[in-house]
Amino acid sequence: MTCETTKLPVVTIKKGAGRSFKSGGAWFYDNEIDAITGTFENGDMVSVTDFDGYPLGQGFLNLNSTIAIRMMTRKKDVTVNEEFIEMRVRAAWEYRKAVTDTSSCRLIFGEADFLPGIIIDKFSDVLVVESLALGIDRWKMIILKKMLAVLSEDGISIRGIYERSDAKVRLQEGMERFKGFIGEPFDTKVEITENGVRYLVDVQDGQKTGFFLDQKYNRLAIQRLCPGKTVLDCFTHTGSFALNAGIAGASSVLGVDASQVAVRQAAENAQLNGLSQRVQFQCADVFEFLPQLEAKKELFDVVILDPPAFTKSRNSIKNAVKGYREINLRGMKLVKDGGFLATCSCSHFMSPELFTKTIREAAAGAHKRLRQVEYRTQAMDHPILWTGEETSYYLKFYIFQVCKEQ
């Protein structure tokens, strides 16, 4: 694995290609490659040069994938070895110590931490790893070893590691989907505390790595709106926004989700926090449920919309816009005059500009005026690296006061 730069195969990029990379991105696509010199296997490290021989750095090559090269460094004169990996891991940990609560947080966020294709989340004393690219998968165990060592230096002991590399994108890399223990088995129901709220995180069968850490401070932001208020939390998943409302002193909270499993977990979390009397959950399709509430003329002080990504590609963006417009229009109609709407999109392909435009259209359709309280993005442990395609910037979160038309 630790070969010298001079011995690496060389990939030459076509003239005029690589614009995303040159503006800060981390990828080269298969149609940007002009030639490959030297022998290689998919997943190997290669040296990348521009059409005129100018060195662009080193990355992992995988011709199975549309993303053919994931860059590890823009330097030509370094060796990607264990010391290099330790440097990257240490930098990621030092960053998080400086900016966020690390009791539970994302430790490695792929390209944004200059380790493309790998995610590591920390839930209390458990790590969950998601490996999404062939090249980085070969370094997975070394990355984990270095992470354990770096954490240990700060007195943090990890009792277990679970792998959740079961995303479909692995198939595009020519890899099999996988989930299971790395090392000794352990209880995969992990209790964490965030913003004063206790959760049982299911790292084995929960969505993604088990819990959505990216909304940590957005959940905290809605707490100040909720004391003594009635709250509706749509797409509640395991109840995180609903429980933040409850812990802040909401008079009543209704969380809605289409998944019976999620609703059951949310109810368990409410019980864990002693909130079962004030925080209730219902299994229903949000798109069907909101019109039913409207027909009953029910209104809430605070409505929260935290839907799943309605689009995971540019091809389906039109249908996604319709979905976001619909739920925001319905949600606004359920807010009392002068109440608050918290609404978000976690789709990278739903740009901030498009999301804003969609909300504006929904407000017009609902005959409501919006006063922006604040705009937020993902938590700081999911850093936004300014790149050619802004691939690490995906979460958009607005809080509005909703007023009748004057």
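Counting begins at 1 with the first residue of the sequence.
Between Phe310 and Phe235, the angle of the ring planes goes over 60°, which puts this pair in the perpendicular group of the 30/60° scheme. Note on ring orientation: taking the six-membered ring where Trp is involved, the planes of Phe123 and Phe211 are perpendicular (angle over 60°, cut-offs 30° and 60°).
For the pair Val263 and Gln282, the minimum side-chain heavy-atom distance is 4.5 Å or more. The shortest side-chain heavy-atom distance between Met350 and Val321 falls under the 4.5 Å cut-off. Side chains of Leu115 and Trp139 form no contact here, defined as non-hydrogen atoms less than 4.5 Å apart. Counting only heavy atoms from C-beta outward, the side chains of Phe114 and Leu385 approach each other to under 4.5 Å. Looking only at side-chain heavy atoms (C-beta outward), Phe60 and Asn62 stay at 4.5 Å or farther from each other. Proximity of Asn269 to Leu200: side-chain heavy atoms (C-beta onward) are separated by under 4.5 Å at one or more points. Side-chain contact between Thr230 and Val302: absent, with no pair of heavy atoms (C-beta onward) separated by less than 4.5 Å. Residues Val335 and Lys368 have side chains not in contact (no heavy-atom distance under 4.5 Å, counting atoms from C-beta outward).
For Val231 against Ala250, the heavy-atom pair with the smallest separation is CG2-CB, 4.0 Å. Considering every non-hydrogen atom in both Gly338 and Gln401, the closest pair reads O-NE2, 3.2 Å. Closest approach of Ala270 and Phe281 over heavy atoms only: CB-CE1, 3.9 Å. The two atoms that bring Leu63 and Ile33 nearest to each other are CD2-CD1, 4.1 Å, heavy atoms only. Here the shortest heavy-atom pairing between Pro307 and Ile327 reads CG-CD1, 3.8 Å. In terms of heavy atoms, Lys396 sits closest to Tyr394 at NZ-O, 2.6 Å.
With Arg106 as the partner, the salt bridge (charged side-chain N to carboxylate O under 4.0 Å, His left out) test is satisfied by one option alone out of Asp101, Asp381, Asp121, Asp113: Asp121.
Side-chain atoms of Ser104 come within 3.5 Å of backbone atoms of Ser124 as a donor-acceptor pair (strictly under, hydrogens ignored). The backbone N or O of Leu395 lies less than 3.5 Å from a partner atom in the side chain of Gln378, making a donor-acceptor pair. Panel note: side chain Asn195, backbone Val197; no donor-acceptor pair is recorded below 3.5 Å. In this structure, Asp301 contributes its side chain and Phe340 its backbone to no donor-acceptor pair below 3.5 Å. Of the possible polar contacts, one joining the Ser165 side chain to the Ser131 backbone as a donor-acceptor pair under 3.5 Å is found. Checked by atom type and distance alone, the side chain of Lys14 never pairs as donor or acceptor with a backbone atom of Phe51 at under 3.5 Å. Side chain of Lys216 to main chain of Thr100: no donor-acceptor pair is present (N/O by atom type, distance under 3.5 Å, no hydrogens or angles). Here the side chain of Ser251 pairs a donor or acceptor atom with the backbone of Lys229 at under 3.5 angstrom.
Considering CZ of Arg219 and CG of Leu243, their distance stands at 9.5 Å, rounded to 0.5 Å. Here Arg224 contributes atom CZ and Cys226 contributes atom SG; the two are 10.0 Å apart, rounded to the nearest 0.5 Å. One distance of note links CH2 of Trp93 with CZ of Arg96; it measures 9.5 Å at 0.5 Å rounding. Taking CD of Gln265 as the reference point, atom NE2 of His237 lies at 6.5 Å (rounded to 0.5 Å). Put simply, CG on Leu127 and CD1 on Ile120 are 6.5 Å apart, with the number rounded to the nearest 0.5 Å. Atom NZ in Lys140 sits 3.5 Å away from atom CD in Glu163 (nearest 0.5 Å).
At most 12 heavy atoms of other shown residues, nucleotides or ligands fall within 6.0 angstrom of atom NZ in Lys322.
Gln271 and Ser276 share no donor-acceptor pair across their side chains, judged by distance under 3.5 Å alone. For the 3.5 Å distance criterion, the side chains of Asp306 and Gln215 qualify, holding a donor opposite an acceptor. Checked by atom type, the side-chain pair Thr236/Asp233 shows a donor-acceptor distance below 3.5 Å. Side-chain contact annotation: Tyr324 with Ser345, donor-acceptor N/O pair under 3.5 Å present. Between the side chains of Thr66 and Asp30, not a single donor N or O lies within less than 3.5 Å of an accepting N or O.
Under the 4.0 Å criterion applied to side-chain N and carboxylate O atoms, Glu111 and Arg70 are assigned as salt-bridge partners. By the 4.0 Å N-to-carboxylate-O rule, Glu153 lies close enough to Arg90 to be salt-bridged with it. A salt bridge does not link Glu173 with Arg170: every distance from a Lys NZ or Arg NE/NH1/NH2 to an Asp or Glu carboxylate oxygen is 4.0 Å or more. Salt bridge annotation for Lys404-Asp337: absent, with no cationic side-chain nitrogen under 4.0 angstrom from a carboxylate oxygen. Checked for salt-bridge contact, Arg330 and Glu294 meet the test: a charged N lies under 4.0 Å from a carboxylate O. A salt bridge is absent between Asp34 and Lys15; no separation between the charged side-chain nitrogens and carboxylate oxygens falls under 4.0 Å.
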Identify all side-chain donor-acceptor contacts of residues 354-363 below 3.5 Å with residues at least two apart in sequence or on another chain.
unit_1, atom_1, unit_2, atom_2, d
Thr356, OG1, Pro352, O, 2.8
Thr356, OG1, Tyr398, OH, 2.7
Lys357, NZ, Glu361, OE2, 2.7
Thr358, OG1, Leu354, O, 2.8
Glu361, OE1, Arg325, NE, 3.1
Glu361, OE1, Arg325, NH2, 3.0

What do the steps show when you test Lys145 against Glu82 for side-chain contact (heavy atoms from CB on, under 4.5 Å), and what is the final call?
-> CA-CA 10 Å; Lys145 181 180 75 171; Glu82 291 199 26; 3.2 Å; yes
Could you check Phe212 against Gln207 for side-chain contact (heavy atoms from CB on, under 4.5 Å), going step by step and ending with a plain yes or no?
-> CA-CA 8 Å; Phe212 296 113; Gln207 288 191 28; 3.5 Å; yes
Show your working on side-chain hydrogen bond (donor to acceptor under 3.5 Å, both in side chains) between Gln58 and Thr73 and close with a plain yes or no.
-> CA-CA 5 Å; Gln58 303 171 50; Thr73 176; 5.7 Å; no
Worked verdict on Val128 versus Val190 for side-chain contact (heavy atoms from CB on, under 4.5 Å) = CA-CA 11 Å; Val128 181; Val190 183; over 6 Å; no
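Applying the salt bridge (Lys or Arg N to Asp or Glu O under 4.0 Å) test to Asp166 and every residue at least two apart in sequence or in another chain returns Arg164.
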